[in-house]
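Have a look at the structure below, then the notes.
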Amino acid sequence: MSNILVVQGSPRGERSHSRRLAEAFVSAWQAVHPQAQVTRREVGRALIAPVNEAFIAAAFYPEPEARPQVMQADLTLSDTLVEELKAHDRLVIAAPMHNFSVPSGVKAWIDQIVRIGLTFNHSLDNGVSHYEPLVQGKKALIVTSRGDFGFGPGGPLEHMNHADTLLRTVLGFIGITDVTVVAAEGEESAERSFALSCAEAEERLLALARTF
Ligand SMILES: Cc1cc2nc3c(=O)[nH]c(=O)nc-3n(C[C@H](O)[C@H](O)[C@H](O)COP(=O)(O)O)c2cc1C
């Protein structure tokens, strides 16, 4: 049975378009999977701790099995978020574009779930780094909203879109390579164009809900 983790990244609540679109998707998906579990992880309106020195020392401790108990505490949130990610086979990240990338809460979540030994491994082969993804069997959907138009594939601002590329790179790095992006664009342009873009995004999401 599938279950779905929804990471909510907008600092906005009811006014958030990425939230609303993601919820429309989840409702449609639930209609297809009535028994499925839906978990929501708030990272836009709840503080996800940024990486600090204690976290780095604990996460990269040379022998994780011998990691001192006191260091283990610095990884509690990260352990929870990694377990949560691994416990779901479908992932939705709902997030606006902020300054050509993802909002800081989403970046903080990324920094907590990319964990050596848990979601990826690293080894050296004759001095050359080798990375092994440790997350398997998942599909991801990114639902995003942007102020301007043209950040999608082939668009005039595609080269400035560091949000989708970041998410695809990070998810691929840990083993989630099946990633779909659905975007509404133009909140800061003419109201009518944005409404049209939202309607198109919602149509795509409702269609995707049948096969995701
Ligand atoms: C701090 C901040 C930075 C933003 N940066 C961008 C940007 O780089 N490019 C863009 O097109 N829109 C940008 N926007 C506009 C948002 O992406 C847009 O309003 C989006 O629809 C918000 O989604 P939400 O309603 O889910 O929060 C920014 C908005 C904020 C608040």
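Counting starts at 1 for both ligands and their atoms, in listed order.
A salt bridge links Arg12 and Glu187; the closest N-O separation between the charged side-chain nitrogens and carboxylate oxygens is under 4.0 Å. Classification of Asp164 and Arg146 as a salt-bridged pair holds, one side-chain N sitting under 4.0 Å from a carboxylate O.
Contacts between His98 and ligand 1 below 4.0 angstrom, taking non-hydrogen atoms only, involve backbone and side chain alike. Contacts of Met97 with ligand 1, taken as heavy-atom pairs under 4.0 Å, involve both backbone and side chain. Of the heavy atoms in Glu185, none comes closer than 4.0 Å to ligand 1. With a heavy-atom cut-off of 4.0 Å, Ser18 touches ligand 1 through backbone and side chain alike.
The protein non-hydrogen atom at the shortest distance from atom 23 (O) of ligand 1 is Pro96 CB, 3.1 Å. Looking only at heavy atoms of the protein, atom 12 (N) of ligand 1 is closest to Gly147 N, 3.0 Å. Here the heavy atom of the protein found nearest to atom 8 (O) of ligand 1 is Phe100 N, 2.8 Å. Of the protein's non-hydrogen atoms, Asn99 N, 2.7 Å is the one closest to atom 5 (N) of ligand 1. Of the protein's non-hydrogen atoms, the one nearest atom 15 (C) of ligand 1 is Glu188 OE2, 3.1 Å. With respect to atom 27 (O) of ligand 1, the closest heavy atom belonging to the protein is Ser10 OG, 2.7 Å.
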Side chain to side chain contact (heavy atoms under 4.5 Å, CB included) between His88 and Ile4, worked out: CA-CA 5 Å; His88 295 80; Ile4 199 162; 5.6 Å; no
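Side-chain contact check for Gln35 and Gln30: no donor-acceptor pair (N or O, by modelled atom type) lies under 3.5 Å.
Proximity of the aromatic rings of Phe149 and Phe194 is defined here by a centroid distance below 6.0 angstrom, and this criterion is not met. Taking the six-membered ring for Trp and the full ring otherwise, His122 and Tyr131 have centroids separated by under 6.0 Å.
Following chains of ILVMFWY side-chain contacts shorter than 4.5 Å, one can reach Val135 starting from Leu75, so the two form part of one hydrophobic cluster. Linking ILVMFWY side-chain heavy atoms closer than 4.5 Å, directly or via other members, places Val106 and Leu91 in a single hydrophobic cluster.
Heavy-atom proximity to Glu187, at under 4.0 Å, picks out these atoms of ligand 1: 18 (C), 19 (O), 20 (C), 21 (O), 22 (C). When each atom of ligand 1 is checked for a heavy atom of Ser145 under 4.0 Å away, the hits are 17 (O), 20 (C), 21 (O), 23 (O). Short contacts between ligand 1 and Asp148, defined as distances under 4.0 Å to a heavy atom of the residue, involve ligand atoms 10 (C), 11 (O). Remark: ligand 1 atoms within the under-4.0 Å shell around heavy atoms of Arg15 are 25 (O). Taking every non-hydrogen atom of Arg12 and a distance limit under 4.0 Å, the qualifying atoms of ligand 1 come out as 22 (C), 24 (P), 25 (O), 27 (O). Every atom of ligand 1 with a heavy atom of Phe151 under 4.0 Å away is listed here by number and element: 9 (N), 11 (O).
Closest of all the heavy-atom pairs between Arg19 and Gly13 is CD-O, 3.3 Å.
Chaining together hydrophobic side chains whose heavy atoms lie under 4.5 Å apart leaves Val70 on its own.
The shortest side-chain heavy-atom distance between Ser2 and Trp29 falls under the 4.5 Å cut-off.
Closest to atom 24 (P) of ligand 1 by heavy atom, among Ser189, Gly44, Gly186, Ser16, is Ser16.
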